[in-house]
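Below, each value reflects all heavy atoms present in this structure, side chains not excepted, and no hydrogens, waters or symmetry copies. Reminder, nothing fancy here: chain letters follow the sequence lines and each chain counts from 1.
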Amino acid sequence: MPLLIKGGRVLDPGSIDDTMDILVQKGRIAKLGKRLPSLKKTPKLRVIDAKGLLVVPGLIDLHVHFREPGHEYKETIETGCLAAAAGGFTAVCPMPNTNPVNDNRQITEFILEKAQKACGVRVFPVGAISKGLQGILLTEFSDLKAGGAVAVSDDGRPVASSLLMRRALEYAKGFDLLVISHCEDADLAGGGAMNEGAVATRLGLPGIPNAAESILVLRDIALCALTGSRLHIAHVSTRESVAAIREAKASGIPVTAETAPHYFSLTEEAVQNYDTHAKMNPPLRSEADRLAVIEGLADGTLDAIATDHAPHSSIEKDLEFDRAANGIIGLETALPLGLKLVESGGLSLSALIEKMAVNPARILGLDKGIQPGNPADFTLIDLNRPFCVDANRFFSKSRNTPFNGWELKGKAVCTIVGGKVVFQEKESGGQSKGPWIQQGRKTRHDPRKGS
Amino acid sequence: MQAFAKKDILDMASLTAGEIELILDTAGHMKEIGTRPVKKVPTLRGKTVVLFFHEPSTRTRTSFDIAAKRLSADCHAISAGTSSMVKGETLIDTARNLEAMNPDILVIRHASSGAPHLLASLCRFSVINAGDGTHAHPTQALLDLMTIRERKGKIAGLKLAIIGDIAHSRVARSNIEGFTKLGASVVIAGPPTMIPKGIESLGAAVTFRVEEAIGDADVIMMLRIQKERQQGFLFSTEREYAQAYGLTLEKLKHARPGVLIMHPGPINRGVEIAPEVADGPYSLILDQVENGVAIRMALLYLVAGGARHAASD
């Protein structure tokens with residue numbers, strides 16, 4: 001069914017920022033222009049009134065954990081994709097630390113099979129660098145790629161061996177695979193539970209110094225320079241890492257990097273009262289680090305904002321702080337938090353869209369610009385819509401967010417993948433706002449409405 | 001007597017100077033009970049106290065047990081090894097089950113910092129922290145304050161030196177907060193590996209030389225050194241530790257005459273403290289233990305609403 005997105009402010013950073021109509025046919029952008037003529041003749045045309053909305057290239061999250069296979073009680077590919085759609089994401093990259101680990105083609109294919117049956121959000125699996133994330137043997141990169149993997153990473157576990165990391169970078173080059181590095185000197189981080197510093201000392205919690213991250217960032221940059229392979233650094237949290245990446249880029253080393261919304265929205269102070277929803281790895285850092293991350297985003301050192309969406313149930317979180325699992329969910333709060341950063345002047349709106357859509361597409365080598373011929377993946381954003389974070393209304397199976405109760409502004413109201421609406425938030429008259437999910441023509445039951 | 005409104009005793013940071021003074025005054029009255037031939041008063045008759053010790057303890061646990069019994073409370077002790085937590089029950093589930101039995105006060109010792117705070121926020125009963133991880137040990141700080149106040153008459157203006165593994169010491173944190181709150185100044189010293197980042201924000205001055213720290217101190221508090229810390233490369237050998245940081249008669253020459261010596265126990269004789277110092281005339285180590293019972297009686301009494309009852313009598 002052809003689709004007309006009418007009258008929205010189309011923003012494709014670097015090329016378009018104008019009120020335009022977009023005609024979608026067969027999943028791709030057919031036409032683009034001001035008041036597209038003679039559309040009344042198009043049969044069965046579905047029109048989305050985007051007046052007052054921002055229309056941007058579909059958001060892409062380079063870093064999620066969907067827990068399937070293995071820990072389906074935390075999140076499945078289906079619920080993860082729903083959360084992604086509701087958060088405005090048209091594509092996600094699930095990390096391989098499932099059980100069994102996504103270290104072979106069968107698991108990659110299993111993930112893609114499940115994704116086929118989900119709401120339509122594109123799923124680009126990331127395979128493991130090493131068998132079982134053990135850091136001993138390389139996985140079969142070409143087979144993983146043939147199965148649909150777009151990158152390799154041992155995320156969640158750092159690659160401790162410098163030789164293995166070097167070989168992974170070299171080997172990946174042969175198959176044009178991206179290597180994503182979780183930079184952490186686990187020995188130095190040594191069982192830490194939060195950022196090292198005065199807050200940790202006051203709370204009596206073991207600290208993780210910034211150097212535990214930056215040492216491996218510096219190592220991997222050196223290996224990236226040595227091998228000339230593409231390297232992407234995950235979840236940057238420290239000012240030293242930002243500085244190292246900035247310098248590496250200046251000297252032409254092919255490194256890219258991401259940070260997560262919590263690193264520009266929160267500091268270690270959020271751990272006060274032992275809130276396990278403020279526990280993640282890398283940990284929330286100091287205010288100086290938070291500001292350095294924002295600066296890194298603004299000056300292009302940090303290419304992308306990825307959520308590191310890490311669902312956990314109360315089983316892993318309602319515990320003593322040092323025993324609780326690391327990680328928070330992020331898909332349904334990332335865009336509003338990004339818009340809050342824009343509102344505070346930390347980043348321009350178009351830069352935010354670059355970090356959440358354009359650059360992730362570039363890093364993955366996808367054609368995502370708003371141009372005729374490209375896949376019709378869009379996120380429609382209402383910049384003025386008030387959004388009070390209510391974890392109980394999340395599409396994600398998990399509730400582990402430190403942002404519950406936050407009053408934010410701006411939200412994805414419609415997510416379109418390949419010309420299909422996979423999420424639409426609708427105002428059903430008066431005050432009551434009931435969102436609904438649509439897959440193709442079939443309207444899905446909204447889990448938030450209950451039954 | 002003023003009313004005491006706190007439901008829980010979690011750390012020194014959450015007590016006001018006034019509340020601390022009230023606890024110390026109350027403990028002064030309680031101490032006398034322990035000197036009677038019949039060491040028991042009916043004050044907490046009908047109250048139930050659960051001692052939940054998830055970590056080994058001799059002094060603190062026995063002290064709470066005796067304190068509860070002297071006040072006629074029914075006291076039950078559970079330890080990690082004999083609780084359902086060895087079967088995998090979570091702390092919250094264990095607490096909820098205990099709560100269903102309607103105890104009035106839960107005294108908890110736990111290896112995880114913040115564990116008492118977790119229970120205090122979820123449960124109806126009062127929680128008294130008997131030591132959580134490396135975070136806080138408020139009853140120890142209170143008994144230390146009591147011991148010093150008995151000797152010196154006041155806390156304000158005194159200089160306290162705390163020597164040893166500050167990083168892993170809940171006693172140090174609580175004493176820094178408690179002593180500074182009542183107007184004392186605190187200096188800490190130890191190997192730099194054992195001085196945690198940002199400890200100055202609690203109000204302590206930092207030095208790495210013991211001689212310097214004890215130079216003008218009124219009170220020296222030595223902390224236990226744990227042999228396991230060698231594994232984290234925090235120190236080389238006990239021999240070197242004793243030489244560089246241990247309190248010997250030789251090092252005491254740098255201190256003022258009559259300086260008071262404290263140690264929360266258990267002590268490693270010949271490591272952080274020489275036997276002659278531990279057993280010397282200015283050692284308060286056993287006074288600390290004696291006052292431990294009085295402080296814990298005072299806390300049980302105050303938290304159980306004793307002050308409110310006394311006021312209405």
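Looking at B/N268, its side chain does come within 3.5 Å of a backbone N or O of B/I225 through a donor-acceptor pair.
Looking at A/R202, the atoms closer than 4.5 Å to chain B (heavy atoms on both sides) sit in the backbone and in the side chain alike. Only the side chain of B/H110 comes within less than 4.5 Å of a heavy atom in chain A; its backbone stays farther off. The part of A/D322 that comes within reach of chain B is its side chain, from C-beta onward, which places non-hydrogen atoms under 4.5 angstrom from that chain. Both the backbone and the side chain of B/I199 come within contact range of chain A, each with at least one heavy atom under 4.5 Å from a heavy atom of that chain.
Among B/G232, B/G198, B/A136, the residue making the largest number of heavy-atom pairs under 4.5 Å with chain A is B/G198. Of the listed residues B/G133, B/A115, B/P196, the one with more heavy-atom pairs under 4.5 angstrom with chain A than any other is B/P196.
Side-chain contact annotation: A/R290 with A/T267, donor-acceptor N/O pair under 3.5 Å absent.
Using cut-offs of 30° and 60° for the angle between ring planes, the B/Y241 and B/Y245 rings count as tilted.
For the pairing with A/F394, the side-chain contact (heavy atoms from CB on, under 4.5 Å) check across A/N400, A/V389, A/L331 returns one residue only, A/V389.
Once rounded to the nearest 0.5 Å, the distance linking CZ of B/R170 with CG of B/L223 reads 12.0 Å.
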